[in-house]
Amino acid sequence: MRDVLLVGNPNAGKTTLFNSLTKSTEHTGNWHGVTVDTKKKLFSFQGEEFGIIDTPGIYSLCPLSFEEKVAVETLQKNFDKKVVNICDNNNLQRNLYLTLCLLEEGFDVVLAINEIDKKNIFKVDCQKLSAALGIDVVYVNAEKGDGLDDLKKILCQKEVKNKRNVVLPYVAELKAKMEKSQFFDEKTIKNAKKNDLFQKNDVFFENICALKAYEKDENFFKKQNVDEKIVFSKVPQNSVEILAKARYDFIDKILEGCAKRTNDVYGHSKLDRFVLNKWLAFPIFVCVLAFAFYLTFFSVGAFLSDALGNLLDLIAKPILSSVKAHFGQGFLFDLLNVAIFGGVSTVLSFLPQIALLFFFLSVLEDTGYMSRIAFIFEDILGRIGLSGKSVYTLLMGFGCSTSAIMTSRNMDDKNAKTKTAILCPYMSCSAKIPIYTVVGGAFFGAKNIFVILGLYFLGVVVAILISKILDATVLKSKNQTFILEFPPYRSTSLKRAGIVLWKNVKEFLLRVGSIMISMNVIVWLFSSFSFSFEYVAQGQGVSILEQVGRFLTPIFAPLGFGNWAIISSLLAGIVAKEVVVSSIAMFNGIDSGATKLLSASLLLPTSAVFFSSRASVLSFLVFCLLYTPCIASVSMLRYEIGRKWTILSILIQLFVAYVVAFVIYQLAFAFEIFGFWQIFAIILAILCVFSAFFVIFRKIKKKKTCAHCFGCDGKCHLK
Amino acid sequence: MLDETIKNYVKTLDLAERNKSLKIVGCVGAADGVTRRLLELGFTAGQHVKILATSIKKKVFLVEVRGYVLSVRASLLCRVQVE
């Protein structure tokens with residue numbers, strides 16, 4: 001088996017090509033930084049097996065963000081492997097910059113020019129470009145699969161292990177311009193010879209050293225045991241600029257002879273006049289989200305959810321009646337009726353709503369609107385120590401926190417990355433939809449849409465406040481490098497939307513089939529047996545769960561839901577948030593997938609899970625929104641930000657959930673007792689006093705800011 | 001005298017007007033990762049750039065360079081000198 005590396009600029013179509021070659025369905029999107037880790041899969045061609053390694057996008061071999069480091073390290077570890085460099089045909093100049101970087105370091109490169117759109121900005125003569133660069137060049141359409149056979153044929157050719165004899169013309173010129181005194185002393189060359197990278201060709205090693213000196217790559221010279229300050233003194237002060245210009249001049253020169261380009265500007269659209277307009281940008285964003293949420297939670301989503309619930313009910317009834325007829329109403333019947341059908345089918349009926357939410361998120365990703373959102377929010381997020389890039393991660397958090405936390409890797413600043421990952425669970429994930437719909441629906445009816453939207457909004461507000469606090473205390477962000485490429489608007493591919501839907505539906509069904517069923521059985525066992533292992537399901541004694549729940553009741557009493565069954569469902573929800581609703585269904589003895597039945601049971605004082613007032617319901621929903629995320633998210637947090645920050649993040653979440661739920665309960669309770677307007681007037685008065693103090697405080701401590709740039713704290717080099 | 005003229009003529013990109021094509025003179029500031037990235041993205045001397053849009057607080061700019069569009073923070077664009 002031969003390994004092949006897939007590299008290229010962000011959003012050039014690497015993962016799309018990877019999917020086409022390996023017939024897989026890895027996540028793709030029309031924005032910068034979808035892939036944040038390497039992936040390897042196999043494919044075979046003409047009897048030969050290849051292992052293709054997909055890498056995150058890079059612009060050069062000098063990484064800036066965490067995911068770029070992953071890509072460059074993978075390249076360095078696989079120096080002797082063939083590299084497929086995929087270039088976007090619409091932005092060839094910028095994409096070829098990376099090709100030159102790879103060629104300079106002696107990689108065995110195959111250039112795959114990806115025709116992403118029908119209207120291509122560049123028209124390239126592959127043969128001429130191949131002759132100019134001295135490598136194989138092939139046209140592909142990564143999405144449709146065109147040109148893949150040509151690419152595979154090239155990959156079948158033997159690897160050229162030493163491409164170092166090819167010296168690009170500008171490299172020799174730059175080297176000649178350096179001061180003649182040798183900075184490659186004998187010790188350096190001796191050390192370098194031990195290194196696999198530079199075994200054979202000393203001239204090539206010298207060229208690389210010259211380029212690294214121009215690039216001012218400190219790490220390279222540290223690895224070679226060379227004092228980088230001496231080396232950097234041999235090159236001009238603006239050497240980085242000279243090298244970049246030399247590369248681009250070379251690209252312009254070769255493209256002049258082998259490519260034609262139109263005058264279109266890639267990524268620019270007339271639609272941006274409205275989408276990015278300072279008065280329209282936020283209303284458009286709110287309308288887009290409100291439309292997506294309305295279709296997800298109500299109209300289409302609610303209709304499909306009800307239909308699926310009824311269907312599951314129809315399926316469950318004959319099975320249960322046949323079990324009852326054969327085995328009677330005992331342990332087995334209770335297990336099937338309550339733990340399996342009652343709990344699981346209730347959650348399963350939310351499948352259409354969860355699928356719709358993922359569908360809308362995939363549409364947002366495909367259209368190119370994500371980058372526009374990042375642009376719109378950069379101002380606000382910059383003020384709370386985040387970057388516009390955090391928008392991707394936070395919006396993905398509305399789908400699934402676990403996968404969203406992983407995308408925080410595309411940040412350049414470590415503190416911003418930690419902060420973004422910590423804030424992810426505050427974005428209400430799709431697993432919480434059943435809780436809001438069932439519990440909120442029982443008490444608020446048609447007005448539940450406002451409660452749900454309010455919960456989503458509250459999550460965002462709490463995240464902003466926490467980010468601000470973290471930025472002011474332990475996680476202060478440095479001046480961040482927000483540079484983001486604007487992709488063009490594209491229509492959603494039905495094929496991709498189908499893949500996204502199927503992947504998420506499959507994942508949800510797997511979760512229901514594995515974690516939820518096992519968790520429901522565990523919860524049912526703990527709620528059916530006492531500490532002395534007696535079967536107490538018929539209400540003949542106190543179960544293990546009830547005893548533990550009752551022990552914790554005083555802690556939750558100030559939040560308005562001091563009920564052992566509610567507390568037990570919250571505890572079970574730590575494994576997966578869907579389990580909260582299935583546990584409630586179990587405790588209330590709901591034996592079908594009809595959510596209306598479950599909602600109605602919450603209003604009955606005789607039910608195990610019963611809410612005495614709307615205030616306690618609101619408090620419960622807020623606690624569910626803000627408390628500890630599921631186990632999968634916690635383990636992803638641990639992987640991305642380390643143990644210390646994960647523990648701290650969980651503690652912060654528990655504290656915030658408790659405090660906010662307490663405040664909400666007390667306020668809602670006061671509204672119920674004293675009436676809306678009285679409490680509103682009191683709150684308004686308190687706010688006025690605080691605002692007055694705030695204004696006075698700001699005037700006293702007015703900060704001096706730089707007139708030349710932003711965020712330099714008065715140390716601006718332009719002064 | 002000549003220096004004075006150049007000083008008046010050259011300005012940083014964050015102070016440039018919208019929709020006006022300007023020629024890059026060079027990148028100033030430390031030779032760190034950010035300057036390197038700006039150069040890798042095509043902000044090299046002699047190239048023409050255009051500010052297409054700004055964010056509400058004018059802290060982020062939409063810039064056209066080498067035939068494609070980028071959004072960049074103003075604090076970074078102040079490293080790009082244009083004439």
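In what follows, chains are A, B, ... by sequence order, proteins preceding strands, each numbered from 1. No experiment lies behind these values; they were computed from the predicted model shown. Quick note: numbers below take in every heavy atom, side chains included, and nothing from hydrogens, waters or symmetry partners.
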Report summary line: Applying a strict 4.5 Å limit to non-hydrogen atoms, the region of B:Leu41 in contact with chain A is both
**Report entry** Part of A:Asp252 lying under 4.5 Å from any heavy atom of chain B
**Finding:** side chain
Report task. Give the member of A:Cys101, A:Ala281, A:Ser60 that has the highest number of heavy-atom pairs under 4.5 Å with chain B. Result -> A:Ser60
**Report entry** Residue part contacting chain B, namely of A:Leu64, when any heavy atom lies under 4.5 Å
**Finding:** both
Query - Atom pair CG (A:Asn95) and OH (B:Tyr68), whose distance is rounded to the nearest 0.5 Å - result: 9.0 Å
Query raised in the report: Should A:Phe482 and B:Val72 count as side-chain neighbours, where that means a heavy-atom distance under 4.5 Å?
Result: no
Query raised in the report: Between B:Ser55 and A:Ile376, is there a donor-acceptor pair closer than 3.5 Å when you use the side chain of the first and the backbone of the second?
Result: no
Query raised in the report: Hey, which of B:Leu77, B:Thr44, B:Val65, B:Val69 has the most heavy atom pairs under 4.5 Å with chain A?
Result: B:Val69
Query raised in the report: Tell me, side chain or backbone of A:Asn238 under 4.5 Å from chain B's heavy atoms, or both, or neither?
Result: neither
Query raised in the report: Does NZ or CZ of B:Arg37 lie under 6.0 Å from the centre of the six-membered ring of A:Tyr59, at an angle within 45° of the ring axis?
Result: no
Requested in this report: For side-chain contact (heavy atoms from CB on, under 4.5 Å), just list the numbers for A:Val240 and B:Leu39, CA-CA rounded to whole Å, side-chain angles, deciding distance to a tenth of an Å, and then say yes or no.
Outcome: CA-CA 8 Å; A:Val240 184; B:Leu39 291 162; 3.6 Å; yes
Query - A:Phe282, CZ: over 12 other non-hydrogen atoms inside 6.0 angstrom - result: yes
Query raised in the report: Within a radius of less than 6.0 Å around CZ of A:Arg490, do more than 12 heavy atoms belonging to other residues, nucleotides or ligands occur?
Result: yes
Report summary line: Under 4.5 Å to a heavy atom of chain B? For A:Arg261 that would be side chain
**Report entry** Best-contacting candidate, A:Ile121, A:Asp379, A:Ile380, against chain B by heavy atom pairs under 4.5 angstrom
**Finding:** A:Asp379
Query raised in the report: side-chain contact (heavy atoms from CB on, under 4.5 Å) with A:Leu276: which of B:Ile56, B:Leu62, B:Thr54?
Result: B:Leu62
Report task. Begin with the C-alpha distance, continue with both residues' side-chain angles, and end with the deciding distance and a verdict on side-chain contact (heavy atoms from CB on, under 4.5 Å) for B:Arg66 and A:Tyr248. Result -> CA-CA 10 Å; B:Arg66 286 189 183 271; A:Tyr248 268 117; 3.2 Å; yes
Report task. Report yes or no: does B:Arg36 contribute a side-chain atom to a donor-acceptor pair with the main-chain N or O of A:Lys216 at less than 3.5 Å? Result -> yes
Query raised in the report: Heavy-atom distance under 4.5 Å to chain B: side chain of A:Gln93, backbone, both or neither?
Result: side chain
Query raised in the report: Which atoms of B:Leu52 come close to chain A, meaning under 4.5 Å heavy atom to heavy atom: side chain ones, backbone ones, both, or neither?
Result: side chain
Requested in this report: Measure distances from A:Phe375 to the heavy atoms of chain B and classify the residue's part below 4.5 Å as side chain, backbone, both or neither.
Outcome: both
**Report entry** Portion of A:Glu215 that has a non-hydrogen atom of chain B nearer than 4.5 angstrom
**Finding:** both
Requested in this report: Could you give me the CA-CA distance, side-chain angles and deciding distance for A:Phe486 and B:Leu70, then say whether side-chain contact (heavy atoms from CB on, under 4.5 Å) is met?
Outcome: CA-CA 5 Å; A:Phe486 252 45; B:Leu70 277 168; over 6 Å; no
Report task. Identify which of B:Gly46, B:Gly33, B:Ala45 forms the greatest number of heavy-atom pairs closer than 4.5 Å to chain A. Result -> B:Ala45
Query - Under 4.5 Å from a heavy atom of chain B, the part of A:Phe232 involved - result: neither
**Report entry** side-chain contact (heavy atoms from CB on, under 4.5 Å) assessment of B:Glu40 paired with A:Arg94
**Finding:** CA-CA 8 Å; B:Glu40 284 163 5; A:Arg94 224 264 328 278; over 6 Å; no
Report task. Please list all pairs passing the salt bridge (charged side-chain N to carboxylate O under 4.0 Å, His left out) test where one or both residues lie in residues 266-275 of chain A, with sequence neighbours left out. Result -> A:Asp272-A:Arg372
Query - Proximity breakdown for B:Thr35 and chain A, heavy-atom pairs closer than 4.5 Å - result: neither
Report summary line: If one checks every heavy atom of B:Glu64 against chain A at 4.5 Å, the contacting part turns out to be side chain
